[in-house]
Amino acid sequence: MKPIAVQVGSVTVGGNAPVSIQTMWKKPLTRVDEGLIAEVNRLVTLGCDILRFAVPDEASAVALGLLSERVSIPLVADIHFDYRLALKCLEYPIAKIRINPGNIGARWKVEEVVKKALDRKVPIRIGVNHGSLPRKFQDFSDPAKALVAAAEEEIDILESLSFRSIIVSMKSSDTTSTVEANRLFASRHSYPLHIGITEAGPLIPGLVRSTLALSELLKEGIGSTVRISLSDSPETEVLAARELLNALGLRKGGIRIVSCPRCGRSGFDVPGFLEIVGDRLHQDSRDLTVAIMGCVVNGPGESRHADLGITGSGDKVVIFKKGKVVRTVHPEEAAEAFLKELESL
Ligand code: SF4
């Protein structure tokens with residue numbers, strides 16, 4: 001079913017909105033200062049649309065509330081166990097509450113949160129995780145059906161209070177269960193889905209497993225917002241999600257980097273160069289292709305096809321812009337010359 005649109009602060013999730021990117025803050029949130037705000041804003045420049053914070057205690061709830069008054073990106077309060085923390089967060093302009101049906105407790109506690117969210121016009125994500133399913137769903141032989149049943153039970157509570165600003169996630173560390181649960185849910189409901197593989201793992205397995213499951217769903221039009229959960233930094237999660245959505249043609253903007261994998265012919269330190277310029281490239285929202293190549297075998301060709309290219313050639317590097325050679329410089333001057341050409345594009 002086509003998902004309904006749910007407003008999460010300034011970001012629309014579902015409806016005709018593009019698939020949005022989320023990540024989660026990975027440190028305790030104790031105080032709000034300029035350093036924290038700068039880090040949050042950096043995630044925005046990398047392409048993060050929605051940012052979630054764990055709220056394990058009242059101090060975190062207050063800090064999140066204060067932060068939400070000082071940044072423009074929609075902030076989400078992630079609540080487990082103590083419904084009163086959700087109520088506290090709702091005193092501030094946070095953009096969404098996430099509750100986990102497996103550990104939020106009695107129905108009346110959920111109702112308290114729903115009533116206040118309704119009053120404050122804040123959406124709720126029902127975030128079901130296979131690792132913390134409510135007890136009665138744990139014996140299901142089909143994990144996908146268990147995830148959907150747990151979500152549906154919680155939806156019933158919210159709908160009984162006329163609450164419809166609902167986003168749902170059903171995540172497992174198993175890719176098949178996650179895909180099947182989301183497919184089943186999407187065939188029955190029109191609430192937008194936040195999709196992801198939970199506890200997907202360290203960088204490489206996490207990327208592979210998330211890409212496998214999420215691309216399957218996204219190609220079927222399932223999934224309105226994504227998080228790639230990695231045992232890595234929030235920045236990496238955002239860049240990974242961005243790359244996935246760009247590759248699937250679901251998002252535009254941001255520099256596409258073509259780079260050679262290196263071999264014995266390489267006359268240019270491509271990984272070293274990427275270390276220097278990578279951050280600058282990742283923060284550029286223009287829809288451009290950049291080629292960073294090691295030698296003259298494929299370097300000139302790829303560089304000519306890119307908006308901006310650089311390739312090793314003997315003891316020099318050659319810079320191409322829009323298909324034409326514009327500079328030949330010593331490798332030590334490469335980064336500065338390349339970034340200058342990038343600015344002028
Ligand atoms: Fe090797 Fe050159 Fe191809 Fe890079 S571009 S992988 S250095 S042949």
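Atoms within each ligand, like the ligands themselves, are counted from 1 in listed order.
Screening R52, R227, K26, K96 for a salt bridge (charged side-chain N to carboxylate O under 4.0 Å, His left out) with D78, the sole residue that qualifies is R52.
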Using residues 313-324 as the side-chain source, report each donor-acceptor pair under 3.5 Å to any protein atom, sequence neighbours left out, with the distance given to one decimal.
from, atom 1, to, atom 2, distance (Å)
K321, NZ, E341, OE1, 2.9
K321, NZ, S344, OG, 2.8
K322, NZ, D307, OD1, 2.7

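A donor-acceptor pair under 3.5 Å is formed between the side chain of H282 and the backbone N or O of G278. Of the possible polar contacts, none joining the S177 side chain to the A144 backbone as a donor-acceptor pair under 3.5 Å is found. The backbone N or O of G47 sits nowhere less than 3.5 Å from a side-chain atom of R242 that would complete a donor-acceptor pair. A donor-acceptor pair under 3.5 Å is formed between the side chain of Q138 and the backbone N or O of L133.
Listing protein N, O or S atoms at distances below 2.8 Å from atom 4 (Fe) of ligand 1, with waters left out, gives C260 SG.
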